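This report concerns only the one structure given below.
Each ligand, and each atom within it, is numbered from 1 in the order the structure gives. Keep in mind that what you see is a predicted model, and the values were worked out from it rather than measured.
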Amino acid sequence: GCDKFCSFCVVPYTRGAEYSRKVEGIFNEVKELVEIGAKEITLLGQNVSSYKSSVFEKKIKVEVNLAKLLKIISRIDGLERIRYLTSHPNDIDDDLISQHALNEKLMPFLHLPIQSGSNKILKKMNRNHTKSDYINLVKRIKSKIRDMAFSSDFIVGYPGESDDDFNQTLDLIDNVRFASSYSFKYSPRPGTLSSLKHPNIVDDNTASSRLQKLQSLLNQQQNEFNSEFVGNIEEVLFTENGKLENQYVGRTKYLQPVHVVSKSNIIGKTLKVHLRDLTSFSFHGSIKS
Ligand code: SF4
C-alpha cells in the first residue's frame, strides 16, 4: 500500500495503507528461493523505501529500515543480485545511500519516479518535493556511488501543465540524464483527487506532442547511456532463451538486455560477456568466461 496520496494515483485507494512484512518472513522466503536456484531478488513494494519493521538482536529490539533489510538479506549465500522497487524520493535516506556504497550485491540502478520537473505541477500532484530536491538527491547519491544510474516515471499533460511547466520537465531530464524511463500522457483515474478537480485539462494534441518530445529526449539519453557500454566486458545474469537457436538472453546490472549464442544451457549463470553491438535497446555479445 501507500500513504502518500499523490493526486493522480489510485494505489492508496486500491491497496490501502502501507504495511511492512516481517523481516524473518522476507529472509526465509528469499533463502528458500535461492536454495532452489534464484540468483537475483527484487524487493517489491509501494513505497518500498519506507519499509519499517524490527528484529530482536541479542534480546534487544532493533528497528529495521530498507537499508538494514537489504544488509540482512545480502548475507544469504548464493544470492548474487538485489534490487528494490518502487521508491519515493522523500524516503531515500543516508542509510540507504550508504548501503548502496557498501553492499556489492545491491545493484547500482535506482528507479526513482519524479513525474514532472515543474514545482507548480509537483505541488498539484501532492508529491511533497521540488525539482531541486530531486536533483540534489541524485547528486548526493552520485557523489557516493559513481556508477549509479537512474530511471524514472513521467506524466505529461497533467491538468494545468503549461509550456513552461513542460519545459521544466525537459530541463530536469537534461540535468539528471536517465538510463531509461517510463512516460505516459495523463489520464484521470476514477476516485483520485485530480479526477475530481481536473481544472485546465491539457488538450490531447498538446499532450501527445509533449509526450513525443519527452520520449525522444529520454530515448536519446538511453541510447547515449547504452552506447558507453559497447566494447565493454560486463557481468550478465542469463535468465531465458532467445528467439533464435542456441540464443540466450540475460541482463547487466543496469537491466540492459544482452543476447549471446551458446551451445550449452547458460540459464541461471552469471558470465562475463563482451558487448559487441547495440541494436535499439539491447546488446549482442560473446561469452568471455
Ligand atoms: Fe504512492 Fe507512488 Fe501512488 Fe504516489 S504515485 S500515491 S507514492 S504509489
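At the top of the distance list for atom 4 (Fe) of ligand 1, counting protein heavy atoms only, stands Cys6 SG, 2.2 Å. Atom 2 (Fe) of ligand 1 has its closest protein heavy atom at Gln46 OE1, 4.0 Å.
Residue contacts with ligand 1, taken as heavy atom pairs separated by less than 4.0 Å, involve Pro12 solely via side-chain atoms from C-beta onward. In Cys2, the part holding a heavy atom less than 4.0 Å from any atom of ligand 1 is the side chain. Residue Thr86 does not touch ligand 1, judged by heavy-atom distances below 4.0 Å.
Ligand 1 places these atoms under 4.0 Å from at least one heavy atom of Lys4: 1 (Fe), 7 (S). Within ligand 1, the atoms closer than 4.0 Å to a non-hydrogen atom of Phe5 are 6 (S), numbered from 1 in the order shown. When each atom of ligand 1 is checked for a heavy atom of His88 under 4.0 Å away, the hits are 7 (S).
Under the 3.5 Å distance criterion, with hydrogens and angles disregarded, no donor-acceptor pair is assigned to the side chains of Ser208 and Arg210. Residues Ser7 and Tyr158 bring a donor and an acceptor atom of their side chains to less than 3.5 Å of each other. A side-chain donor from one of Thr270 and Glu80 sits under 3.5 Å from a side-chain acceptor of the other.
Considering only heavy atoms from C-beta on, Leu70 comes within 4.5 Å of Leu66 through its side chain.
Among Ile114, Val138, Val176, the one residue that satisfies the side-chain contact (heavy atoms from CB on, under 4.5 Å) test with Ser152 is Ile114.
Lys253 and Asp147 are joined by a salt bridge, as a carboxylate oxygen and a charged side-chain nitrogen come within less than 4.0 angstrom of each other.
Ring orientation note: the planes of His100 and Tyr84 are tilted relative to one another, at an angle of 30° to 60°.
Residue contact annotation: Cys9 places no N/O/S atom under 2.8 Å from atom 4 (Fe) of ligand 1.
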